[in-house]
Each structure stands twice: as C-alpha cells, then as structure tokens.
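Side chains included, hydrogens not; waters and symmetry mates left out as well; all remaining heavy atoms used. Since this is a predicted model, take the numbers as computed values, not measurements. FYI, the numbering just counts along the sequence from 1.
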Amino acid sequence: MIIVSHRLFLSVGDGEVEIDIHIHQPVIGHRCWTCRYETHWPEGRQTRDAVGHDALQALTLALQMIGADIYSSTYHREGRLRAYEKELGYGFPVASSLRHLLVGVDAI
C-alpha cells in the first residue's frame, strides 16, 4: 500500500516531465522490516527496498535512499530537476556522507 507520493519535475527541451515517487507502507518479514519505494524515471520505473530492524528504520532508510538516488542522478548534476516552484531542494534527507550535495531547503 502506498503511504506517500512525491513529484519531481525534469526539464526537457521547452517543457517538463513528471517524475513520481511512491513510498509503500513498511511490512514485516521473517526477521526484519522492508519499505519498498518506486521512482518513475523517464527511462523506466526503478523499484527498491530498504530494510530495517523495525518499521521506522526501514522507512527512514527508504527516504535516505531516495535522497541519494536523486542527488546522485545525472538530472540533478545537470540542474534539470526540481520539486518546488520557488525553492531549491527535493524534500528528502540523505546520509551524512552525502550532505555536501544538498541544495536549497534540503541544506537547512
């Protein structure tokens, strides 16, 4: 079950393409929790799982993994990606080793 969705916008030519991100409710497995997320990049849907000792850790790791995916993307490096009309940033946290990449409201 999707518990939250977020939309990014990619500049292409003289328009924009929507990039949807869906985060699923963490589910318990045999010995751990898993939180699945999907990013609908222009080249196709990317689905990944974050795994934690409990639901909160799995969700937190999923959010950080999404942040890492976005900030390490070619689209971000090219400056073609945005989430908000008037502010820079995407609304996702990253691990401490990537914090130097944060821009706009994410860097606050």
Report the distance from atom [atom1] of [X] to atom [atom2] of [Y], rounding to the nearest 0.5 Å.
X	Y	atom1	atom2	result
Leu8	Ile70	CG	CD1	4.5 Å
Leu59	Asp54	CG	CG	10.0 Å
Gln46	Glu38	CD	CD	10.5 Å
Ser73	Ile19	OG	CD1	7.5 Å
Tyr37	Leu63	OH	CG	10.0 Å

What pair of heavy atoms forms the shortest contact from [X] to [Y], and how long is it?
X	Y	result
Asp49	Met65	O-CE, 3.7 Å
Ala58	Gly52	CB-N, 3.8 Å
Val12	Arg80	CG1-NH2, 3.4 Å
Ser72	Ala68	OG-O, 2.6 Å

Indicate if [X] and [Y] have the same hydrophobic cluster label, given that clusters are the connected sets of ILVMFWY residues with side-chain heavy-atom separations under 4.5 angstrom.
X	Y	value
Leu88	Phe9	no
Ile21	Ile2	no
Leu81	Val103	yes
Ile66	Val4	yes
Val51	Ile3	no

> Partners of Trp41 by ring pair (Phe, Tyr, Trp, His ring centres under 6.0 Å), sequence neighbours excluded?
Replying inline: Tyr75
> By salt bridge (charged side-chain N to carboxylate O under 4.0 Å, His left out), which residues pair with Glu16, not counting sequence neighbours?
Replying inline: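 Salt bridge (charged side-chain N to carboxylate O under 4.0 Å, His left out) check on Glu16 returns Arg82.
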> Does Arg7 have any salt bridge (charged side-chain N to carboxylate O under 4.0 Å, His left out) partners at least two apart in sequence or in another chain, and if so, which?
Replying inline: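 With sequence neighbours excluded, Arg7 shows a salt bridge (charged side-chain N to carboxylate O under 4.0 Å, His left out) to Glu18, Asp20, given in chain and number order.
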>> Please check if the number of heavy atoms outside Arg36 that lie under 6.0 Å from its CZ is greater than 12.
In response: no
> Just wondering, are more than 12 heavy atoms of other shown residues or ligands nearer than 6.0 Å to CD in Glu85?
Replying inline: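 Result for CD/Glu85: open.
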> Is any side-chain heavy atom of Thr34 less than 4.5 Å from a side-chain heavy atom of His24?
Replying inline: no
> Taking C-beta and beyond as the side chain, do Tyr90 and Asp106 meet within less than 4.5 Å on heavy atoms?
Replying inline: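 Side-chain contact under 4.5 Å: yes.
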>> Run the side-chain contact (heavy atoms from CB on, under 4.5 Å) test against Leu61 and tell me which residues pass, sequence neighbours left out.
In response: Ala50, Gln57, Gln64
>> Can you list everything that forms a side-chain contact (heavy atoms from CB on, under 4.5 Å) with Leu101? Sequence neighbours excluded, please.
In response: Tyr71, Leu98
> Are Thr74 and Arg77 linked by a side-chain donor-acceptor pair shorter than 3.5 Å?
Replying inline: yes
>> Donor-acceptor pair, distance only, cut-off 3.5 Å: does the side chain of His6 make one with the backbone of Ile23?
In response: no
>> Suppose we screen for side chain to side chain donor-acceptor pair (under 3.5 Å). Which residues come up paired with Ser5, at least two apart in sequence or across chains?
In response: His22
